[in-house]
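By convention in this document, chain letters (A, B, ...) are assigned in the order of the sequence lines, proteins followed by strands, and residues within each chain are numbered from 1.
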There are 2 protein chains.
Amino acid sequence: MPAATGHEVLAAVLQVRADELQVLLWQRGMDPDRGRWALPGGALGADEDVEESVRRQLAEKVDVRGVTHVEQLGVFSAPHRVPGVRLVATAFLGLVPSDVDPAVPPDTAWHPVDRLPATAFDHAEIVEDARERLRAKLSYTNLGFALAPREFTVSALRDLYVAALGHPVSATNLQRVLTRRGVLAATGETAAPGPAGGRPAAVFRFTERALRVTDASAVLRPPGVRDSAGE
Amino acid sequence: MPAATGHEVLAAVLQVRADELQVLLWQRGMDPDRGRWALPGGALGADEDVEESVRRQLAEKVDVRGVTHVEQLGVFSAPHRVPGVRLVATAFLGLVPSDVDPAVPPDTAWHPVDRLPATAFDHAEIVEDARERLRAKLSYTNLGFALAPREFTVSALRDLYVAALGHPVSATNLQRVLTRRGVLAATGETAAPGPAGGRPAAVFRFTERALRVTDASAVLRPPGVRDSAGE
DNA sequence: CCAAAAGTGTTTAGTGTACACCCATGC
DNA sequence: GCATGGGTGTACACTAAACACTTTTGG
């Protein structure tokens, strides 16, 4: 006999804009928490699971083709996380490549995750979880593909990693590590240098645009199996 | 205006018993799915979040002191995953050290995860997710502490890893890797050899009994920071 | 020629696997 | 002594960080 509760889905959609990691929020026009900024989302529909629901709700805010990766973060269920009726939330992380600028409704805006405005309910906590998840997965998976344009230079990619990780990243080592793991591949093209000159940069591409774990640890690996990421 | 739905929590409690990874299940006495085996769990209470709820529900089935680690796996929300009312489930992974044998009610039993009996609803999928989560975390965290007794020999620990991972593990390398990461420490004691003789094994202990990531990859690490696990 | 930006080479450190070998016990 | 199981030493392969150096452009 489960108690009747509502269920909503919420999405922390992250994108690197202007060299900062930003999140898409909309400003509530009604109480409770009128004027505060909230994550896009809404009620779970009767004929959908939470994954379908979050994609449907996102489609109402942004051009979904821009969202290259969506994954579940977890459940937020503090009894009074929202005033009034009991409402359990399933939170998601969404990622948008840096070269798209999806049209969004007038009450929505991007905000740097480091300097959030006044947020509604427990949404700041969800944004923090999303940022943590992104940080962790950037280093042991190929998740960078979801933040980067289809083609890019290594220094552009480095800037994305710097914004998302929050600490300096060497372009030299980034290129070498990702290439060795078989995550990056050169297209053979080069990009034109900027106004100050400099050697033209080689253009790279992610070899896959689906999540893959690239840094499986050794204790886990069955004996005799060489790490095959490099092939 | 969220639709009214029920919310339940479910726990896949895993333990290595008789050199096999097993899960605690109870046999349903009522329709639907009468006679099939189900995960322990139940409805989310009005004044608890899902973490509190799963601990409360587990306390009704097993001695909770035996459960050394609980973590959220995710939401299962297919519209008709349970017949009748809409019911969303938050699934958890729980781990019990191999040296405890908690008292359980008569309708519950441990089953090897490789040979599950007929299971209720989507519970087999949850068990599979739990096993996957355990496998992954064993290799890049110190999660072994949650499967092992407080003190143990390396070969006993090896047997736990073999059961959980499902592939051979070298005791030599397991010891070296975990020691180097600062996860294991010798107590100075030795265990008595078996009837067939053999050198007495040194007794080890996990240095921490809380989850810690031990294999942070390098790209993630800020420059100038040495991996400090070994200290 | 110089500054700027990109990319390569090389050194050093660390990690995990494999395997040979030595150690401590029961019989 | 010998079988048995436990533990160490060592060699090898691979990974990544740091940094010097070269390459290619614009002015």
Among D/dG6, D/dA16, C/dC19, which is the nearest nucleotide to the side chain of B/Ala201?
-> D/dG6
Base, sugar-phosphate alone, or nothing: which one does A/Ala202 contact when heavy atoms must sit under 4.0 Å apart?
-> sugar-phosphate
Should B/Glu60 and B/Arg56 count as an ion pair when the cut-off is N to O under 4.0 Å?
-> yes
Does the pair A/Phe206 and A/Arg150 meet the rule for a side-chain contact (heavy atoms from CB on, under 4.5 Å), with working shown?
-> CA-CA 7 Å; A/Phe206 278 91; A/Arg150 181 164 290 279; over 6 Å; no
Could you state the atom-to-atom distance from CZ of A/Arg158 to C1' of D/dA18 in whole Å?
-> 15 Å
Does atom CZ of A/Arg209 have more than 12 heavy-atom neighbours, drawn from other residues, nucleotides or ligands, at distances under 6.0 Å?
-> yes
Rounded off to whole Å, could you give me the NE2-to-C1' distance for the A/His167 and D/dA18 pair?
-> 16 Å
Does OP1 or OP2 of D/dG6 have a side-chain N or O of B/Ser155 closer than 4.0 Å?
-> yes
Any N or O donor-acceptor pair linking the side chain of B/Arg176 to the base of D/dG7 at under 3.5 Å?
-> no
Counting only heavy atoms not in A/Arg17, do more than 12 fall under 6.0 Å of its CZ?
-> yes
Spacing between A/Phe204 atom CZ and C/dT8 atom C1', to the nearest angstrom = 12 Å
From the list D/dA18, C/dG16, C/dG7, which nucleotide is the closest neighbour of the side chain of A/Asn173?
-> D/dA18
Select one nucleotide: of D/dC19, D/dA16, C/dC19, the one nearest the side-chain heavy atoms of B/Thr172.
-> C/dC19
Sort out for me which residue in A/Asp19, A/Val16, A/Val154, A/Thr153 forms a side chain to side chain contact (heavy atoms under 4.5 Å, CB included) with A/Asp159.
-> A/Asp19
When the distance from CZ of A/Phe152 to C1' of C/dA5 is rounded to whole Å, what number comes out?
-> 18 Å
Does A/Gln175 place a side-chain N or O at less than 4.0 Å from the phosphate oxygens OP1/OP2 of C/dA6?
-> no
Separation of atom CG in A/Leu184 from atom C1' in D/dA16, rounded to whole Å | 15 Å
Give the rounded distance in Å between these two atoms: CG of B/Leu174 and P of C/dT15.
-> 16 Å
Check: C/dT8 base within 3.5 Å donor-acceptor of A/Arg199 side chain | no
Counting just side-chain N and O atoms, does B/Arg181 come under 4.0 Å of either OP1 or OP2 of C/dG16?
-> yes
For B/Thr153 and for A/Ser170, locate the closest nucleotide of DNA chain D by heavy-atom distance; then report the residue assigned to the nucleotide nearer the 5' terminus.
-> B/Thr153
Give B/Ala171 one of three labels, base, sugar-phosphate or nothing, depending on what nucleic acid heavy atoms sit under 4.0 Å from its own.
-> nothing
Where each residue is assigned the nucleotide of DNA chain D containing its nearest heavy atom, which of B/Val154 and A/Pro200 is assigned the position nearer the 5′ end?
-> B/Val154
With a 3.5 Å cut-off and just heavy-atom distances, do the side chain of B/Arg180 and the base of C/dG14 make a donor-acceptor pair?
-> no
